[in-house]
Amino acid sequence: MGTSNSPPDRATLLASLRDYVEQIREEGLEGLSRTATPVATASPRRATVTRPSASATVPKGSTSSPAPAGAAHTAEPTPVINSTASTATDLFYLYPGLEKTGDLAALRDFIGECTRCKLAPLRTNIVFGVGNPKADLMFVGEAPGHDEDLRAEPFVGRAGQLLTDIIERGMGLTRAEVYICNVIKCRPPENRNPEGDEVAACEPFLFRQIDLVRPRVIVGLGTFAVQAVLKIKTPISKLRGNWHTVRGIKMMPTFHPAYLLRNPSDKRLVWSDIQAVMKELGRPIPQRGVRG
């Protein structure tokens, strides 16, 4: 009998590895991150599993039989509730009161001078997000870099300049018309990739931003931002150019601007993704496109 849990084929694994190595290069990392230092942070609450006792009544018509008295019971792992579930209510158990934030300003106040993960003592500034609080279009990146950490604004370094070019020249918009943010609000040291506990601590704020802005389209920038939001490990080379859904909103994954700085020939692929976004928004496509 076949199984639906077959391992990924060799081509997919190689593509994923290439994307990973390329992302490391593009983000300026000199090596893989070290093992995370344990830190006391809020942990997702575990769901309570109620198991029937040995004497439990078997529902009528069931082919199962109750376990005989005294039989050994093998404990099953307790499932963990996913804090990025599709409904807004599921997000708020981690940070009670988050659901009461009625706009972006209230959300920023709620975050405060955040110390919820181990990045807090390493940052200069929290990088919350900028742009139109009711934008039709939202860009989501991975995490702040050096320039962003200093200025407390996302995408202001070299990669940010290219993103601005995509927005202004490629889309005929301004940065003030769209909304730009990251999955992680604090810079990881040496621009390493965010770690799982850091994503878990910060992602409720991203999803609340999405709920409050409620854009028509989200553009996911780069491997790790897209994989973190969609909760998948598929390489960006296979995700880009195809529509996905995040909290009921259409999302277009594409390459990170930092990747394009090293691979300018792939700007044509991003331009194709941007054209699909513009078509979805019902906006005219400027003839100049993205600078080559």
- Please assess Val140 against Gln209 for the test side chain to side chain contact (heavy atoms under 4.5 Å, CB included), listing each intermediate value before the final yes or no. CA-CA 10 Å; Val140 177; Gln209 282 175 301; over 6 Å; no
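- For Ile249 against Ile210, the heavy-atom pair with the smallest separation is CD1-CG2, 3.6 Å.
- The nearest pair of heavy atoms linking Val183 to Ala228 is CG1-CB, 4.3 Å.
- The hydrophobic cluster containing Leu122 does not contain Leu150, counting ILVMFWY residues as joined when their side-chain heavy atoms lie under 4.5 angstrom apart, directly or transitively.
- Across all their heavy atoms, Asp147 and Gly157 have their closest contact at OD2-CA, 3.3 Å.
- Note: Phe128 and Phe205 fail the aromatic proximity criterion, with ring centroids not under 6.0 Å apart.
- Scored by the ring pair (Phe, Tyr, Trp, His ring centres under 6.0 Å) test, Phe139 finds no partners at all (sequence neighbours excluded).
- Counting heavy atoms from C-beta on, the side chains of Leu230 and Val246 come closer than 4.5 Å.
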- Query: Stepwise, does the salt bridge (charged side-chain N to carboxylate O under 4.0 Å, His left out) test hold for Arg208 with Glu99?
  - Reply: CA-CA 8 Å; Arg208 189 57 177 161; Glu99 77 281 5; over 6 Å; no
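- Between Cys114 and Ile126 there is a side-chain heavy-atom pair separated by less than 4.5 Å.
- Annotation: side chain of Pro133 is not in contact with side chain of Val213 (no heavy-atom distance under 4.5 Å).
- Note: Thr124 OG1 to His146 NE2 = 8.0 Å, rounded to the nearest 0.5 Å.
- Contact record, Arg187 with Pro144: CG-O, 3.3 Å, taken as the closest heavy-atom pair.
- Cluster membership for Ile274 and Tyr179, using ILVMFWY side-chain heavy atoms within less than 4.5 angstrom, is shared.
- Both Val178 and Phe255 are assigned to one and the same hydrophobic cluster, defined by single-linkage of ILVMFWY side chains at heavy-atom distances under 4.5 Å.
- Note that CG of Leu162 is 10.0 Å distant from CZ of Phe155, once rounded to the nearest 0.5 Å.
- Lys185 places no side-chain N or O within 3.5 Å of a backbone atom of Ile111 that could act as its donor or acceptor partner.
- Test Val277, Thr245, Ile218, Asn242 against Met251 for side-chain contact (heavy atoms from CB on, under 4.5 Å) and you get one pass: Ile218.
- Distance check, rounded to the nearest 0.5 Å: OG of Ser265 to CZ of Arg268 gives 6.5 Å.
- Between Glu198 and Ile184 the shortest heavy-atom distance is O-CD1, 3.5 Å.
- Residues Thr164 and Arg175 bring a donor and an acceptor atom of their side chains to less than 3.5 Å of each other.
- Under the side chain to side chain donor-acceptor pair (under 3.5 Å) rule, Arg240 has a single partner from Asp273, Thr223, Thr254, which is Asp273.
- For Glu148 and Arg123, the salt-bridge test fails: no basic side-chain N is under 4.0 Å from an acidic carboxylate O.
- No donor-acceptor distance shorter than 3.5 angstrom exists from the side chain of Arg158 to the backbone of Ala258, with no hydrogens or angles considered.
- Applying the side-chain hydrogen bond (donor to acceptor under 3.5 Å, both in side chains) criterion to Lys250, with sequence neighbours excluded, gives Glu280.
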- Show your working on side chain to side chain contact (heavy atoms under 4.5 Å, CB included) between Met138 and Ile180 and close with a plain yes or no. CA-CA 6 Å; Met138 173 184 279; Ile180 306 172; over 6 Å; no
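- Atoms CE and CG, from Met171 and Leu281 in turn, are 6.0 Å apart once rounded to the nearest 0.5 Å.
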- Task: Go through the steps to decide whether Leu137 and Arg216 satisfy the test side chain to side chain contact (heavy atoms under 4.5 Å, CB included), and finish with yes or no.
- Result: CA-CA 6 Å; Leu137 178 61; Arg216 292 172 57 193; over 6 Å; no
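- In this structure a side-chain-to-backbone donor-acceptor pair under 3.5 Å is missing from Tyr259 to Pro264.
- Between the CG atom of Leu173 and the CD atom of Glu177 there is a distance of 5.0 Å, given to the nearest 0.5 Å.
- The backbone N or O of Phe224 lies less than 3.5 Å from no partner atom in the side chain of Glu142, so there is not a single donor-acceptor pair.
- A single hydrophobic cluster is seen to contain both Val226 and Leu269, as judged by linkage of ILVMFWY side chains at heavy-atom distances under 4.5 Å, directly or through other members.
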- Message: For Asp103 and Leu107: C-alpha separation, side-chain torsions, deciding distance, then whether side chain to side chain contact (heavy atoms under 4.5 Å, CB included) applies.
- Response: CA-CA 6 Å; Asp103 55 33; Leu107 175 59; over 6 Å; no
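- If you chain together hydrophobic residues whose side chains sit under 4.5 Å apart, Val127 and Leu221 never meet in one group.
- With Asp149 contributing its side chain and Asn125 its backbone, the two residues share a donor-acceptor pair below 3.5 Å.
- Between Ile236 and Pro253, some side-chain heavy-atom pair lies under the 4.5 Å cut-off.
- Atom CD1 of Ile232 is separated from atom CD of Gln227 by 7.0 Å, given to the nearest 0.5 angstrom.
- Taking both residues in full, the closest heavy atoms of Pro286 and Gly172 are given as CG-N, 3.6 Å, listed atom of the first, atom of the second, then distance.
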